[in-house]
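Structure record follows, encoded as structure tokens.
None of these values were measured; they are calculated from a predicted model.
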Amino acid sequence: MSSPRSRTLPRRALCLLAAGGLALTLAACGDGDTAAQTGGKVKITVTGQPPTSQPFERSVFDADVKEFEASHPNIDIDPHEGFMDPKTFSAKLAGGQLEDVYYVYFTDPAQIIARHQAADITEAAKSVPHINDIKPELLDNFRDANGKLYGLPTMNYTMGLLYSRPLFQKAGLDPDKPPQTWDEVREAAKKISALGNGIVGYADYSKNNQGGWHMTGWLYSMGGDIARKDGDKWVADFNNDKGKKALQYLHDMRWTDNSMGAKQLLEAQDVQRMMGAGQLGMYMAAPDNVPVLVKQFNGKYEDYGIAGMPGGQGTLLGGEGYMINPKASPEKVKAGLEWIQWKYLNPDRFEKHIQQYVDGKQPVGLPAEPTPDVWTGGVREQQLALKAKYANVPAQNFQSYVDTTSKIKGSIEPPNAQQIYAALDSVMQAVLTDQNANIDQQLSSAESKVNSVLAQVK
């Protein structure tokens, strides 16, 4: 994927896996005021610096720190490597080592806000340039029930359908007209798998919590949900006609059509390896998978296309952002917001940031980095125009996805997502490995497990 933190798995998969270990049994907040103001300057610690093993991303980040400090002589940035590490996050909070500005996944803000582990930035954020141009649903992820704001989104993704253009052509399908419904996906998968030679039409995940993650995507695509609020508590919401319909599609593609191949119990790397080798027609993914396929699995940018989520009734929305230490002084809050806006939410730097990627021979033109799709209106149009101007990958291959994102409803992951996904993995595994799996029984059993998980949500 084309992210500042390119990893073996798409960051979205790692994000959801990491978030599962985030046990926010929090005690004292980090002491945001340990770094004293000296010489009229405010010093803030920030997370998000890429490791030295990612030289391009690290060089961009460090150059940005220098440029920011030069243009903001009253602020010193103390960058720390890392993002959201579940193995150390709770200990840092409890031990007073939490940075002034810290990274979070979209799954985390609600819990952090409920435990008073982030500063209320409602008033301070009113002076942030272009805040009203950010997609409201992304900002809402950082609000409490009273509408107070506790963080800012800096990147988001939605799931869609990633497909192989060469296999579409070989199967007699038009790669410029990708499937728009699951029925069309099923028909395309049959034609692609009919090519033989071990080629698989459609693949899906079913282990390491990734099966439950994708089952959530399936439910959202059909206008369904995994969990819903019932008064003051959360309850499972997939043991219904929509849940059955999603699993029936998977069952029929796997067993009736034989378009998903015999090898199952797959996870992201398995599916990406298949796609990179030219042995897979389609899978559910976000656009940031494409650079992973190219850089790690010998793919070519021109070989891939991305369509919006089939069905068009909804999609899984994820992302990341930054929050501020609740003990930070007003000066540090102000400095922290200036850094977040300048570095991550700055239309004035779109072109320069894109040029950094062009000069670094990184992909430009994907519906992902270097300018994430967090914007609406004129700012979004400005961003799209600049990406088109500097595109060094075939951006037209991804236009179907771009056209869909502004129209389709995005929903974030359910609370306690990783525990829920673990329970739903078994459902995906049963349907994909047992031709006689009882879908009703699988959903009923998973519903009981997920309700137990949701009972822990406060």
Side-chain angles (χ1 to χ4, degrees), residues 1-3 9-16 19 104-109 133-142 153-163 178-182 185 204-205 210 212-226 246 268 271-272 282-293 304-321 344-345 363 365-377 379-381 383-384 387 395 397-414 417 421:
M1 70 172 68
S2 176
S3 81
L9 286 182
R11 185 172 51 184
R12 308 313 165 199
L14 285 173
C15 287
L16 66 91
V104 295
Y105 305 126
F106 271 18
T107 48
D108 301 329
D133 295 313
I134 299 173
K135 292 180 179 178
E137 63 269 27
L138 304 186
L139 284 171
D140 287 346
N141 196 51
F142 291 85
T154 55
M155 184 179 292
N156 79 294
Y157 75 95
T158 55
M159 302 294 279
L161 184 73
L162 197 156
Y163 62 97
Q180 296 184 17
T181 68
W182 285 113
V185 170
D204 220 325
Y205 309 159
Q210 296 178 33
W213 177 40
H214 271 208
M215 183 173 166
T216 300
W218 273 89
L219 263 292
Y220 287 177
S221 76
M222 296 178 172
D225 215 331
I226 291 295
V271 173
Q272 290 164 348
M282 299 170 284
Y283 71 102
M284 186 189 299
D288 46 21
N289 270 233
V290 175
V292 175
L293 295 172
Y304 306 116
I306 304 175
M309 186 68 97
Q313 297 184 62
T315 187
L316 178 59
L317 167 70
E320 60 198 50
Y344 302 103
L345 301 170
L366 295 169
E369 277 276 39
T371 54
D373 189 21
V374 301
W375 303 102
T376 63
V379 174
R380 184 171 188 264
E381 294 304 315
Q383 168 187 274
L384 292 175
K387 289 173 79 169
N397 291 4
F398 317 111
Q399 191 61 45
S400 175
Y401 173 91
V402 173
D403 291 342
T404 303
T405 55
S406 61
K407 304 171 186 175
I408 193 169
K409 176 188 176 185
S411 299
I412 64 169
E413 296 171 88
Y421 295 161

*Please answer whether the main-chain N or O of F106 pairs with a side-chain N or O of N141 as donor and acceptor at a distance below 3.5 Å.*
yes
*How close do W182 and M222 get, heavy atom to heavy atom, and via which atoms?*
CD1-CE, 4.0 Å
_Quick one: does any side-chain atom of K409 pair with a main-chain N or O of T315 as donor and acceptor, under 3.5 Å?_
no
*Please report the closest heavy-atom contact between P363 and P370, naming both atoms and the distance.*
O-CD, 4.0 Å
*Would a 4.5 Å heavy-atom cut-off, applied to side chains only, mark L139 and P136 as touching?*
no
_Stepwise side-chain contact (heavy atoms from CB on, under 4.5 Å) check, V402 with L384_ = CA-CA 9 Å; V402 173; L384 292 175; 4.3 Å; yes
_Main-chain N/O of T158 paired to Y401 side chain as donor or acceptor, under 3.5 Å_ = yes
*For Y304 and N289, run side chain to side chain donor-acceptor pair (under 3.5 Å): C-alpha distance rounded to whole Å, both residues' side-chain angles, the deciding distance at 0.1 Å, then the answer.*
CA-CA 10 Å; Y304 306 116; N289 270 233; over 6 Å; no
*Compare every heavy atom of T376 with every heavy atom of I134, then report the nearest pair and how far apart it is.*
C-CG2, 4.3 Å
_For Y163 versus P178, what's the shortest heavy-atom pair and its separation?_
CE2-CB, 3.6 Å
*Is the number of heavy atoms from other residues, nucleotides or ligands within 6.0 Å of CD (E137) greater than 12?*
yes
_Y421 vs E413, test: side chain to side chain donor-acceptor pair (under 3.5 Å). Steps then yes/no._
CA-CA 10 Å; Y421 295 161; E413 296 171 88; 2.9 Å; yes
_M282/V185 under side-chain contact (heavy atoms from CB on, under 4.5 Å): CA gap, chis, key distance, verdict_ = CA-CA 8 Å; M282 299 170 284; V185 170; 4.0 Å; yes
*Drop me the distance from L345's CG to D133's CG, to the nearest 0.5 angstrom.*
10.5 Å
_Flag for D403-Q399: side-chain donor and acceptor within less than 3.5 Å_ = yes
_Spacing of OG belonging to S411 relative to CG belonging to D225, to within rounding of 0.5 Å_ = 6.0 Å
*Can you see which heavy atom on P414 is nearest to which on T216, and at what distance?*
CD-CG2, 4.3 Å
*Taking all atoms of both residues into account, what is the closest heavy-atom pair of H214 and M284, and its distance?*
CE1-O, 3.0 Å
*asked:* Can a donor-acceptor pair be found, under 3.5 Å and without considering hydrogens, that links the side chain of S221 to the backbone of M309?
replied: no
*Would you give the length of the straight line joining atom CH2 of W218 to atom CE of M159, rounded to the nearest 0.5 angstrom?*
12.0 Å
_Inter-residue atom distance N156.CG - T405.OG1, 0.5 Å rounding_ = 8.5 Å
*Please determine, by modelled atom types, if Y220 and Q313 share a side-chain donor-acceptor pair under 3.5 angstrom.*
no
*Residues D373 and K135 bridged, charged N to O under 4.0 Å*: yes
*Flag the pair L316 / W213 as yes when at least one side-chain heavy-atom distance between them is below 4.5 Å, and no otherwise.*
yes
*Could you state the interatomic distance from CG (L138) to CG (L317), rounded to the nearest 0.5 Å?*
6.0 Å
*Ignoring hydrogens and geometry, is there a side-chain-to-backbone donor-acceptor pair from Q383 to W375 under 3.5 Å?*
no
